[in-house]
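Below is one structure, written out as structure tokens; the observations come after it.
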Amino acid sequence: MKKLIVILLTLAVVALPSCKNQNKKKAAQEAEKTEISEKEKLVTEELKLNLQALGESVGKMKSVPFIYSSNGAVKLSPKEKMVKPDYLLNPALVAELVTLTQKYRAVAMLSVDKSVAELYEMPVKEYEENVAKVAADINDEALVEFAEALHTNKAAGEAFSKFFDAEVEANRAPFFWEAVSAALVEQLFICTKNIDKFIEMFDDESASEVTYNFVCVHEGIRSLIEFYPEMESLNTILDPLYVINAINVEQLKAQLIELKGEIEVIRTALLN
């Protein structure tokens with residue numbers, strides 16, 4: 001009996017440190033969980049503040065003047081319309097798209113190209129059908145509305161804001177920047193294909209708006225990379241365009257000429 005008591009006491013003494021260690025480990029795990037939860041809460045709040053600040057900036061963004069072709073803001077002579085642009089994207093490219101990122105970018109870029117096609121009185125049915133096909137695949141009504149507003153609504157700030165708010169509410173904030181960045185790049189690319197003609201459509205105010213757009217895009221992407229690391233890729237692609245700082249038409253023209261090659265490379269990269 002005495003031997004049994006001694007054995008039990010020995011086992012208890014051996015087990016005691018183990019229990020203490022387990023309790024300490026459990027307490028440490030609970031503390032770590034609390035710390036992570038608190039950090040997640042702070043990060044969420046920071047993200048909300050960032051998005052709120054970005055929303056105010058987004059409302060001031062504008063598209064380049066030729067986007068409003070359907071409103072009659074841009075005029076081409078009958079002779080100019082005879083020389084059809086050969087640099088627009090082939091709408092059939094949507095069949096090769098794989099990722100959501102590619103699809104958001106493509107919808108925006110094809111919507112810009114549709115505006116140019118209309119400007120030159122080219123058929124746009126293929127653009128409409130393929131954009132509708134991708135949009136149905138994505139199932140994002142806000143993107144469809146933004147694409148439609150992009151070339152028909154001169155209240156561009158309102159269109160940008162509405163799209164931004166919808167994507168944020170649906171937890172798709174990165175896709176807003178993917179689509180908008182692609183649209184802006186496509187607009188610049190088109191400008192570089194006939195700089196002398198398209199630069200006539202700008203005044204100093206609209207020229208400076210191009211600078212503002214890329215400042216806004218840069219800040220928007222940078223402020224969200226911490227929360228969406230995958231956006232680093234987009235930031236890297238767009239990096240050469242962050243040097244744009246034109247405040248008048250003359251400066252914008254010079255910078256478009258200087259960046260022409262870079263813009264074409266970026267445009268290709270966006271769909272790869």
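From a predicted model like this one, the values you see are computed outputs, not experimental measurements.
In this structure, the side chain of Gln102 engages the main chain of Thr99 through a donor-acceptor pair within 3.5 Å. A donor-acceptor contact shorter than 3.5 Å is absent between the side chain of Glu262 and the backbone of Leu259. In this structure, the side chain of Ser206 does not engage the main chain of Phe202 through any donor-acceptor pair within 3.5 Å.
Within the model, atoms CD of Glu178 and CD of Glu230 stand 8.0 Å from one another, a figure rounded to the nearest 0.5 Å. Of the inter-residue distances, the one linking Leu252 atom CG with Ile257 atom CD1 reads 9.5 Å to the nearest 0.5 angstrom. Atom SG in Cys191 sits 12.0 Å away from atom NZ in Lys260 (nearest 0.5 Å). From Lys162, atom NZ reaches atom CD of Glu145 across 4.5 Å, with rounding to the nearest 0.5 Å.
Applying the 6.0 Å contact sphere to CD of Glu169 captures no more than 12 heavy atoms from other residues, nucleotides or ligands.
Leu89 approaches Asp113 most closely through the heavy-atom pair N-OD2, 2.7 Å. Between Val249 and Ala207, the closest heavy-atom pair is N-CB, 3.7 Å. Among all heavy-atom pairs drawn from Gly220 and Trp177, the shortest one is CA-CZ2, 3.7 Å. Closest approach of Leu241 and Phe214 over heavy atoms only: CD1-CE2, 3.6 Å. The minimum heavy-atom distance between Ile138 and Tyr104, with the atom names listed, is CG2-OH, 3.4 Å. Heavy-atom minimum distance, Phe189 versus Thr192: O-OG1, 2.6 Å.
Using cut-offs of 30° and 60° for the angle between ring planes, the Phe163 and Phe176 rings count as tilted.
At least one side-chain heavy atom of Asn235 sits less than 4.5 Å from a side-chain heavy atom of Glu232. Residues Val94 and Leu110 are in side-chain contact: their nearest non-hydrogen atoms beyond the backbone lie under 4.5 Å apart. Looking at Val210 and Gln187, their side chains never come closer than 4.5 Å, going by heavy atoms from C-beta outward. When side chains are defined from C-beta on, Asp140 counts as touching Arg172, because their heavy atoms get closer than 4.5 Å. At least one side-chain heavy atom of Leu88 sits under 4.5 Å from a side-chain heavy atom of Tyr127. Between Tyr242 and Val215 the shortest side-chain heavy-atom distance does not fall below 4.5 Å. Using a 4.5 Å heavy-atom cutoff, the side chains of Leu188 and Phe198 are not in contact.
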| request: Please step through side chain to side chain donor-acceptor pair (under 3.5 Å) for the pair Thr236 and Asp239, ending with a clear verdict. | output: CA-CA 5 Å; Thr236 300; Asp239 186 66; over 6 Å; no
| query | Are Glu258 and Val243 close enough, and set up right, to give a side chain to side chain contact (heavy atoms under 4.5 Å, CB included), and what steps lead you there? | reply | CA-CA 11 Å; Glu258 182 181 353; Val243 300; over 6 Å; no
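A salt bridge is absent between Glu250 and Lys253: the closest approach of a Lys/Arg side-chain nitrogen to an acidic carboxylate oxygen does not fall below 4.0 angstrom.
Residues Asn245 and Gln251 have side chains that never bring a donor and an acceptor to within less than 3.5 angstrom of each other.
Applying the ring pair (Phe, Tyr, Trp, His ring centres under 6.0 Å) rule to pairs touching residues 251-272 yields nothing, sequence neighbours excluded.
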